[in-house]
There are 2 protein chains.
Amino acid sequence: MNKAMLIVMDGLGDRPVKELEGLTPLEAAHTPHLDALAARGVAGLMNSLGVGLRPGSDTSHLAILGYDIERYYTGRGTIEVSGLGMDLEPGDVALRGNLGTVDENLTVMDRRAGRITDTGPFVKDLDGLTYEGVTLKVRPGTGHRAGVILRGPGLSSRLSDNDPHEVGVKVHEVHPLDDSQEAAFTARVLNHFLEEAHRILANNILNQERIKSGKPPANYLLCRGAGYYKQIEKFQARYGLKACAIAGGGLYKGIGAFTGMEVLTVPGATGLPNTDIEAKFRAGLDALAGAYDFAFVHIKAADTFGEDGDHLGKMNFINKIDLAFRLLLDAPHLLVVTADHSTPCALKKHSGDPVPIIMVGDGAVRTDAVTAFGERACARGALGRLTGLQVMPEIINLLGLARLIGD
Amino acid sequence: MNKAMLIVMDGLGDRPVKELEGLTPLEAAHTPHLDALAARGVAGLMNSLGVGLRPGSDTSHLAILGYDIERYYTGRGTIEVSGLGMDLEPGDVALRGNLGTVDENLTVMDRRAGRITDTGPFVKDLDGLTYEGVTLKVRPGTGHRAGVILRGPGLSSRLSDNDPHEVGVKVHEVHPLDDSQEAAFTARVLNHFLEEAHRILANNILNQERIKSGKPPANYLLCRGAGYYKQIEKFQARYGLKACAIAGGGLYKGIGAFTGMEVLTVPGATGLPNTDIEAKFRAGLDALAGAYDFAFVHIKAADTFGEDGDHLGKMNFINKIDLAFRLLLDAPHLLVVTADHSTPCALKKHSGDPVPIIMVGDGAVRTDAVTAFGERACARGALGRLTGLQVMPEIINLLGLARLIGD
C-alpha cells in the first residue's frame with residue numbers, strides 16, 4: 001500500500017442538534033459506508049490548527065497538508081490567485097475580488113452583483129491598469145469572483161479590505177495595517193485602482209443591459225484577503241508523492257495549485273450541494289490507478305449548510321456523501337477521511353470543535369474499537385487527538401515512506 | 001515510592017499480521033504478567049519523536065530519557081564511543097566502526113569480516129596513528145565493532161560514511177556534507193587514515209591465519225554515523241536520580257554512558273534472542289534495592305525479529321519477556337514499560353507507529369480500564385498519546401519529585 005487518498009469534507013463537524021434528538025448532522029445521517037471504513041481502521045479527533053482554535057478554510061487545509069501556517073500562510077488572496085492559474089512573483093500583492101453592486105453613494109447593494117457568472121467582459125477592462133509604477137492584474141474566477149494582483153516595487157500586503165462584508169453600508173477605504181511606507185503606498189495605489197475600476201465598470205455597456213433587464217450592475221470591485229508571494233516547498237518535493245487535487249470550489253483548487261499539486265478538472269464537481277461526488281471519487285481512483293500517488297479530494301457543501309444553519313440539509317448532504325463512499329470500500333489505497341473544521345448549525349460559522357478523522361488501510365493500519373464515523377464515536381479511537389500538522393506525517397508513516405530520524 | 005524502573009523493549013510495536021489472525025505479535029503473545037501490570041496502572045500510546053515520525057534507536061532513547069534530540073543528538077558515533085568508555089573531548093569527531101573484508105579492488109565482501117569477535121589485536125595497530133595534527137583513536141567494541149575518534153584542531157562531523165552498507169560494492173570515499181573547510185579537511189584526513197588502516201590491517205599476520213583457515217580477513221575499517229562531542233546534562237543532575245543502565249547491545253550501553261548513568265555488566269545480557277532477561281530484571285531490582293534510584297533496562301531482540309519479518313519469532317520472544325516479568329510483579333517501585341518504536345514485520349524496518357506504554361505503581365499511579373498490554377488495548381488508556389519527551393516528566397511527577405513551576 002503506497003498510495004493514499006485524503007478526503008476532506010468541509011465544515012463537517014457539528015454540535016448536538018436538539019431537532020435531531022441531540023445528535024449531530026453527521027451522527028444523524030445514514031452512513032453505513034463511512035461506518036464500515038471506521039470499523040476497518042483507526043479513528044480520532046483532529047483540530048487542524050490546535051485545540052480550540054477556529055480555522056479558516058485556507059489555513060486548515062494548509063495545516064492538514066503539512067504546511068505550518070506560521071511559515072506558509074500570508075493571506076487568502078495568495079491561494080485564490082494560485083487557483084486561477086495566475087503566477088505570483090516576489091513582491092506581488094494578491095487579493096480576492098468580487099464584482100459587486102453599489103449605488104451612487106457607494107453603498108453596497110449586492111456583494112455578488114446578482115451572482116453574476118460571466119465576469120470576463122467586465123474584468124478585461126481592468127487588467128493592465130497602471131498607476132505610480134504599479135500594474136493591476138485581474139482575472140475572472142468562478143461566478144462573481146476574480147483574482148487580483150498588484151505588481152510593482154515597494155508594495156505591502158498589510159492592507160484592510162475594501163469589501164465591507166455586508167450590504168447596506170458604504171464600501172470601505174483600504175487602510176494600511178501597519179506604519180510602513182510600503183503599506184501606506186499600497187493602500188493609496190489600491191484605492192486609486194478601485195476608484196478607477198468603479199468608473200470603468202459603471203460605464204461598461206453590458207451594465208446598461210443588466211439594468212434594463214432588472215439585474216444589479218457589476219459596478220464595483222470588492223477586494224479582501226491581501227497576501228503576498230511566498231516560496232513554498234511543493235508537495236511532491238516535500239513528500240515524494242505525485243499529487244493531484246480534486247475540488248469544486250476555487251479556494252480548494254487554489255490550495256492544490258499553491259502546494260504544487262495537479263488540479264484535475266472533474267465535470268460535475270461544483271462545490272455546491274448538486275456536486276457529483278461519485279465523479280470526484282472516480283477521478284481520484286483513476287488518478288491513483290495511474291501516475292498519481294496522492295489524491296486530495298475536497299467536498300464543500302456540508303460547510304455551506306452549516307453556515308446556513310440548515311441541519312437537515314447538512315444531514316441529507318452527508319447521506320449523499322456516504323452513498324458515494326461505496327465506490328471507495330475496495331480501494332487498494334490508504335484512505336484518510338476527515339474535515340477541515342466544524343461548522344455548527346447552531347453557530348452558522350466555523351468553530352474550533354474537533355472533527356472526526358479515520359485512517360483505513362487493511363494490513364497497513366491498526367484497528368480500534370470504533371465502528372462508526374461520527375464526532376463522538378471517533379473520540380474513542382486509537383488516533384487520539386491530532387492536529388492538522390500531524391496528519392501528513394502519519395500518512396507518510398503508514399505508507400512506509402517516513403524518513404528515519406537518527407540511526 | 002521513590003524509585004523507578006524503565007523497561008524499553010526495542011521495536012516491540014507492530015501492525016496487524018494476517019497469519020496471526022490480524023493480531024500484532026504482542027497481541028498474539030501470551031502475556032499474563034504484562035497484562036496484570038497493565039490492569040494495575042495507566043496505559044497509553046507513545047511516539048518517541050512525535051506522531052508519524054520514524055525514529056532511529058539512538059534518537060528514540062534520547063527522547064524517552066528526556067533529552068531533546070534537536071539539542072543533544074549529533075550522530076550515532078558519539079553515543080557508540082561513549083558506550084565503549086572512550087572519553088570524548090570538545091572538537092572530537094566520533095564514528096562507529098566495523099572491521100570488514102574487502103577484495104583487491106576495495107569491493108566489500110563481508111561487512112563484518114565473518115562476524116569476527118576478537119578485534120583487539122587488529123585495532124591496536126590503528127590506535128594512535130597521526131596525520132596533519134589529527135590523532136586516530138580506535139577501541140574494539142563487541143564482535144566486529146569498534147569505536148573511532150578523530151582528535152585534533154579544525155575538525156567537523158559533517159561527513160558521509162565510507163561504509164556502503166551493502167556487500168558487492170566498492171567502499172565509498174568519505175565526502176564532506178557541507179561546504180566548510182573543516183568538513184573538507186576532516187574528510188581528507190579520514191580518507192588518509194582509512195587507506196593506511198587498510199594497509200596495516202591487510203598486513204596483520206593474524207589475517208594470513210584467517211585466510212588459511214578459510215575465514216575472511218579483517219582488512220578494512222568501515223565507518224559511519226559521524227557525530228561530535230556534546231556537553232550533556234547528566235541524568236542525575238537533571239532529575240536528581242542516581243541511575244544505572246542494563247543492556248546487552250552496545251548502543252544502549254552507549255545511551256546509558258552518554259547520559260551519565262552507571263552501565264552495569266550483567267552476565268547473560270547479550271542483546272540477542274538468547275539474552276537472559278531474568279538476569280537483567282534481577283540486576284535492576286538489586287540496583288534499586290541498593291544505591292540506585294532509577295534503572296533503565298533495555299531488551300533488544302523484538303526489534304531484530306521485526307527487521308527479519310519474523311512474526312512468530314517476535315511473538316515467541318515476547319512470550320519469553322513476559323515470563324521474566326513475573327519477577328517484577330511485586331517490585332515496590334514505579335514500573336514504566338514501553339518500547340522505543342515499532343518495527344513492523346510487514347515493513348522489516350522501524351516505523352512511526354506508536355507503541356504501548358504503561359506506568360504502574362500501586363498507590364502512586366491511577367488506574368484505567370485497560371487490562372492488557374498491547375497496541376490496541378493501550379490506545380484506550382488514560383495516558384492518551386504521549387511523546388518520548390513527556391515520559392520522564394511523568395515519571396518524575398509520579399515519584400513526587402517534580403519541581404514546582406510558579407508558586
Side-chain angles (χ1 to χ4, degrees), chain A residues 1-2 4 39-47 50-51 63-66 68 238-240 334 336 354 357 359-371 377-407, chain B residues 13-18 22-24 27 44-45 47-63 69-70 73 75-77 79-80 96 161 224-227 251 340-342 344 346-354 356 374-381 383-386:
Chain A
M1 183 162 296
N2 51 13
R40 275 167 47 196
V42 283
L45 291 180
M46 193 266 291
N47 285 91
V51 170
I64 292 168
L65 293 173
D68 188 341
R238 201 174 180 88
Y239 301 114
L334 176 67
V336 177
I357 181 168
M359 300 192 178
V360 188
D362 298 341
V365 188
R366 297 173 187 165
T367 57
D368 57 21
V370 175
T371 57
C378 289
R380 294 191 295 271
L383 281 176
R385 262 190 106 150
L386 301 180
T387 64
L389 285 179
Q390 293 176 317
V391 173
M392 279 306 306
E394 188 66 290
I395 289 174
I396 296 299
N397 170 59
L398 290 172
L399 293 178
L401 300 173
R403 180 177 71 82
L404 188 68
I405 300 170
D407 195 4
Chain B
D14 214 300
R15 294 180 176 183
V17 177
K18 201 174 164 187
L23 300 177
T24 66
E27 291 170 340
L45 291 181
N47 285 92
S48 54
L49 301 187
V51 170
L53 301 184
R54 179 173 168 242
S57 290
D58 45 11
T59 48
S60 57
H61 276 83
L62 285 180
I69 63 164
E70 294 295 327
Y73 181 69
R76 181 150 167 177
I79 297 167
E80 293 271 352
R96 305 173 70 185
D161 302 343
R224 56 196 164 116
L251 173 65
D340 52 350
H341 54 75
S342 294
L347 296 179
K348 298 187 180 182
K349 61 182 184 183
H350 295 191
S351 81
D353 302 48
E375 292 90 342
R376 279 174 277 210
C378 289
R380 295 191 294 273
L383 281 176
R385 262 188 108 152
L386 302 180

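We name chains A, B, ... by the order of the sequence lines, and we start the count at 1 in each one.
- For A/T387, no part lies under 4.5 angstrom from a heavy atom of chain B.
- For A/E394 and B/R385, the salt-bridge test passes: some basic side-chain N is under 4.0 Å from an acidic carboxylate O.
- Proximity of a side-chain donor or acceptor of B/K349 to a complementary backbone N or O of A/G400 within less than 3.5 Å is detected.
- B/R96 is listed as a side-chain neighbour of A/D407, based on a closest heavy-atom distance under 4.5 Å.
- With chain A as partner, the option from B/L45, B/L251, B/D58, B/T24 having the largest number of non-hydrogen pairs under 4.5 angstrom is B/D58.
- Taking 4.5 Å as the limit, every side-chain heavy atom of A/N397 sits out of range of all side-chain heavy atoms of B/L53.
- Using a 4.5 Å cut-off between heavy atoms, B/P344 makes no contact with chain A at all.
- Between the A/R366 side chain and the B/R15 main chain, no donor and acceptor come within less than 3.5 Å of each other.
- Contacts between B/I69 and chain A at a heavy-atom distance below 4.5 Å involve the side chain alone, from C-beta outward.
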* Please report the C-alpha distance between B/D353 and A/L398 in whole Å, then the side-chain angles of each, then the deciding distance to 0.1 Å, and finally whether the side-chain contact (heavy atoms from CB on, under 4.5 Å) criterion is met. => CA-CA 8 Å; B/D353 302 48; A/L398 290 172; 4.2 Å; yes
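- Scanning both residues, A/L404 and B/G56, for their nearest heavy atoms gives CD1-N, 3.7 Å.
- Looking at A/L383, the atoms closer than 4.5 Å to chain B (heavy atoms on both sides) sit in the backbone and in the side chain alike.
- Within the 4.5 angstrom heavy-atom criterion, only backbone atoms of B/D14 (N, CA, C, O) approach chain A.
- Put simply, of B/R224, B/E375, B/H341, the one with the most heavy-atom pairs under 4.5 Å next to chain A is B/E375.
- In this structure, no portion of A/L389 lies under 4.5 Å from any heavy atom of chain B.
- Counting heavy atoms of neighbouring residues, nucleotides and ligands inside a 6.0 Å radius, atom CZ of A/R380 does not exceed 12 of them.
- No donor-acceptor pair closer than 3.5 Å links the side chain of B/R376 to the backbone N or O of A/D368.
- With a 4.5 angstrom heavy-atom cutoff, B/S342 touches chain A only via side-chain atoms.
- Here the closest non-hydrogen pair linking B/G52 and A/A402 is O-CB, 4.2 Å.
- Contacts between A/V365 and chain B at a heavy-atom distance below 4.5 Å involve the backbone alone (N, CA, C, O).
- When B/K18, B/R76, B/H350 are compared by the number of non-hydrogen pairs under 4.5 Å with chain A, B/R76 comes out ahead.
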